[in-house]
Amino acid sequence: MDILPSTVVIRYLNGYAAAPTGNGAQVAIYDSTGRYQRTAGRQGAGPGEFSNIRSLAVRPDGGLAVLDMRLTLLPPAALAATAPVLSRPLPAGIAAARLVSLADGRVIVNNHLAGQPALCLFDTNLELVRCFGPTASSARSSELERMIAPGPKGTVWS
């Protein structure tokens, strides 16, 4: 399965790795030797379907959080076969390219719209809880796009 040179590969469970495919419409799963195993999802706009995957994060239950134009939670069963998934569009005023999954299952995205708070927290049902953090005054990407990572005790590094 092809992935782009700029694709971010995440470490998954038991030495496995996951990455968006080259067309951004599926999540490819690789074993600990880098050998392709399977894909999850397909091209489309429904639950479990993707278009231009931007970011992935491993969830505490062993599933994946996926960010494209929506937030999607793939449970562990969905990575091996068809299973119900939770998917919601990003609310108005939020455009994101990165996400992290916290230890309690909540998700934080980097909101890169000028004049909006930098980070937005979603609960385990992908409902927006709140947005917070500095608000960039310009449209320069260096002020808007942040690297984010889960920190200790439910915190986030940005």
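Because the structure is a prediction, the values reported are computed rather than measured.
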Asks: Might you point out which heavy atoms bring R70 and R88 nearest each other, and give the distance in Å?
Replies: CB-O, 3.1 Å
Asks: Quick one: closest heavy-atom pair of Q43 and A25, and the distance?
Replies: OE1-CB, 3.0 Å
Asks: Are I108 and L126 connected into the same hydrophobic cluster when the rule is that any two of I, L, V, M, F, W, Y join if their side-chain heavy atoms are below 4.5 Å apart?
Replies: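 No, no single cluster joins them.
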Asks: Could you give the distance from OG (S51) to CE (M69), rounded to the nearest 0.5 Å?
Replies: 8.0 Å
Asks: Does some side-chain heavy atom of P20 sit less than 4.5 Å from a side-chain heavy atom of V27?
Replies: no
Asks: Working to the nearest 0.5 angstrom, can you tell me the gap between Q26 CD and T39 OG1?
Replies: 4.0 Å
Asks: To the nearest 0.5 Å, what is the distance between CG (L67) and CG (L90)?
Replies: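 Answer for the CG-CG pair, L67 versus L90, is 6.0 Å.
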Asks: Ignoring hydrogens, what is the shortest heavy-atom contact between L64 and A18? Give both atom names and the distance.
Replies: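 Shortest heavy-atom contact: CD1-CB, 4.2 Å.
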Asks: Say you draw a straight line from CG of L99 to CZ of R54; how long is it, rounded to the nearest 0.5 Å?
Replies: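 It comes to 11.5 Å.
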Asks: Measuring from R42:CZ to T21:OG1, what's the distance to the nearest 0.5 Å?
Replies: 14.0 Å
Asks: L121 and V109: same hydrophobic cluster, using ILVMFWY side-chain contacts below 4.5 Å?
Replies: no
Asks: Do I148 and V66 belong to the same hydrophobic cluster, where Ile, Leu, Val, Met, Phe, Trp and Tyr are linked whenever their side-chain heavy atoms lie under 4.5 Å apart, directly or via other members?
Replies: no
Asks: Identify the two heavy atoms, one from V85 and one from G48, that lie closest to each other, and give their separation to 0.1 Å.
Replies: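 Reported closest heavy-atom pair: CG2-N, 3.1 Å.
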Asks: Is the shortest heavy-atom distance from the side chain of Q116 to the side chain of C131 under 4.5 Å?
Replies: no
Asks: Does the side chain of F122 reach to within under 4.5 Å of the side chain of P91, using non-hydrogen atoms?
Replies: yes
Asks: Test of understanding: with salt bridge (Lys or Arg N to Asp or Glu O under 4.0 Å), list the residues that count as partners of R106, not counting sequence neighbours.
Replies: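 If we apply the salt bridge (Lys or Arg N to Asp or Glu O under 4.0 Å) test to R106, skipping adjacent residues, the hits are D104.
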Asks: I'd like to know whether N52 forms a side chain to side chain contact (heavy atoms under 4.5 Å, CB included) with N23, so could you lay out the CA-CA distance, the side-chain angles of the two residues, the decisive distance to 0.1 Å, and finally the verdict.
Replies: CA-CA 7 Å; N52 192 24; N23 68 359; over 6 Å; no
Asks: How far apart are the closest heavy atoms of G115 and T135, and which atoms are they?
Replies: C-CG2, 3.1 Å
Asks: Hey, are the side chains of M147 and R98 touching, using non-hydrogen atoms and a 4.5 Å cut-off?
Replies: yes
Asks: Taking N111 for its side chain and A96 for its backbone only, find out whether a donor-acceptor pair lies under 3.5 Å.
Replies: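 Flag not set: sc N111 to bb A96 has no pair under 3.5 Å.
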Asks: Give every donor-acceptor pair under 3.5 Å between a side-chain atom in residues 151-158 and any protein atom, sequence neighbours left out.
Replies:
from: T155; atom 1: OG1; to: P152; atom 2: O; distance (Å): 2.7
from: S158; atom 1: OG; to: R146; atom 2: NH1; distance (Å): 3.3

Asks: Hey, are the side chains of P134 and P117 touching, using non-hydrogen atoms and a 4.5 Å cut-off?
Replies: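 P134 vs P117: side chains apart.
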Asks: When rounded to the nearest 0.5 angstrom, what distance separates OG1 in T124 from CG in L102?
Replies: 11.5 Å
Asks: What about V58 and L56, same hydrophobic cluster or not, with Ile/Leu/Val/Met/Phe/Trp/Tyr joined at side-chain heavy-atom distances under 4.5 Å?
Replies: yes
Asks: Under the 3.5 angstrom rule, does the side chain of E127 hit a backbone N or O of D123 as a donor-acceptor pair?
Replies: no
Asks: Tell me the closest heavy-atom pair linking G105 and P60, and the distance in Å.
Replies: N-CG, 3.6 Å
Asks: Is there a chain of hydrophobic side chains (I, L, V, M, F, W, Y, each step under 4.5 Å between heavy atoms) that links L73 to V129?
Replies: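 No; tracing contacts between hydrophobic side chains, which count when under 4.5 Å, never links both residues.
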Asks: With no hydrogens and no angle check, just 3.5 Å: does a side-chain donor-acceptor pair link D31 and Q37?
Replies: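 Indeed, the side chains of D31 and Q37 share at least one donor-acceptor pair under 3.5 Å.
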